[in-house]
Structure formats: C-alpha cells, structure tokens
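Please read the structure below before turning to the comments.
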Amino acid sequence: MSKNQIKTLLCVTIAGLFFIPAVIFNLWYLILIGAFFDWLPLPTGWMKLDKDKVRNKKLIVLHIIVTLIAYLFAIVWIFNPVTVYKFLFLEIWWLAVVVGIFITKK
C-alpha cells in the first residue's frame with residue numbers, strides 16, 4: 001500500500017468519525033468537518049491513481065456517482081432535518097467507501 005493510499009484511508013476514517021456522531025446525535029455541522037477530511041485527498045493529490053493499477057475504470061465512475069448522491073442527502077438533511085435523510089447519507093457514503101476500496105489492485 002502506498003503512502004498516498006494510507007493518507008487517503010486515514011482521511012476517510014477521520015471523516016467517518018465525524019459522520020457517525022453527526023447522524024446519531026443529529027449534529028449536521030459535523031458533516032461539514034467530516035466532508036473536509038473526506039474530500040482532502042483530492043486537492044492534495046493523494047487520491048491520484050496510476051493508470052496501470054486501476055482495476056476497473058467503471059468503478060471510479062460508480063464511486064464518484066455514489067459519493068455525490070450521499071452528499072446530496074447530506075445537503076437535503078441540513079436544509080430539511082428529516083431523520084431518514086441523515087441515515088441515507090451515512091449508508092450511501094459507506095457504499096461509496098466500499099466501492100472506493102475495490103478501485104485499485106493489490
């Protein structure tokens with residue numbers, strides 16, 4: 001595992017540590033802090049993949065789509081505090097994490 005992959009996983013872990021209490025305790029502003037860590041690997045370049053190590057490019061597209069859908073539910077929850085939206089955010093965000101795990105080869 002490369003140093004960049006480790007940094008990315010650490011950021012995603014920190015994001016999850018903010019997202020879970022945000023949902024459990026209904027603290028929407030923790031989503032903003034978690035989102036900072038969740039998206040940090042993009043501008044830093046830690047999430048940049050070598051083309052020869054990508055298992056399936058369709059998984060990258062799926063990861064992007066699922067992540068954006070999750071954040072759509074987060075935004076809806078912030079502006080419309082219905083309980084179902086916060087759980088949909090967390091569940092779909094977790095699916096994005098799982099898809100992200102399968103993007104690179106061993």
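When a residue number appears, it is its place in the shown sequence, counting from 1.
The OG1 atom of Thr67 sits 10.0 Å away from the CG atom of Leu95 when rounded to the nearest 0.5 Å. Taken from CG in Leu10 to CD1 in Ile14, the straight-line distance is 4.0 Å, to the nearest 0.5 Å. Within the model, atoms NZ of Lys86 and CD1 of Ile31 stand 10.0 Å from one another, a figure rounded to the nearest 0.5 Å. Note: Leu40 CG to Lys7 NZ = 10.0 Å, rounded to the nearest 0.5 Å. Here the NZ atom belonging to Lys3 is positioned 8.5 Å from the CD1 atom belonging to Ile6, to the nearest 0.5 angstrom.
Under a hydrophobic-cluster definition in which Ile, Leu, Val, Met, Phe, Trp and Tyr are linked whenever side-chain heavy atoms come within less than 4.5 Å, directly or via other members, Leu17 and Ile101 are assigned to different clusters. The hydrophobic cluster containing Ile64 does not contain Leu72, counting ILVMFWY residues as joined when their side-chain heavy atoms lie under 4.5 angstrom apart, directly or transitively. Under the 4.5 Å side-chain heavy-atom criterion for Ile, Leu, Val, Met, Phe, Trp and Tyr, Val98 and Ile60 are members of the same hydrophobic cluster.
By the 4.5 Å heavy-atom criterion applied to side chains, Thr83 and Phe87 are counted as neighbours. With contacts defined as side-chain heavy-atom distances shorter than 4.5 Å, the pair Met47/Asn4 does not qualify. Side-chain contact between Ile33 and Phe19 is absent, with no heavy-atom pair separated by less than 4.5 Å. Residues Ile78 and Tyr85 form no side-chain contact, since every pair of their non-hydrogen atoms from C-beta on lies 4.5 Å or further apart. Using a 4.5 Å cut-off on side-chain heavy atoms (C-beta onward), Leu27 and Leu30 make contact.
Smallest separation of non-hydrogen atoms from Pro41 and Asp38: CD-O, 3.5 Å. Minimum heavy-atom separation, Ala15 to Trp93: CB-CZ2, 4.2 Å.
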Problem - Check against side-chain contact (heavy atoms from CB on, under 4.5 Å), Leu90 and Trp94 - result: CA-CA 6 Å; Leu90 191 59; Trp94 180 246; 5.9 Å; no
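Each of Trp39, Phe36, Trp46 was scored for a side chain to side chain contact (heavy atoms under 4.5 Å, CB included) with Cys11, with one residue passing: Trp46.
Under a 3.5 Å cut-off, the side chain of Glu91 and the backbone N or O of Leu88 do not form any donor-acceptor pair. Checked by atom type and distance alone, the side chain of His63 pairs as donor or acceptor with a backbone atom of Ala96 at under 3.5 Å.
In this structure, Phe18 and Phe37 have parallel ring planes: the angle between them is below the 30° cut-off, well short of the 60° mark.
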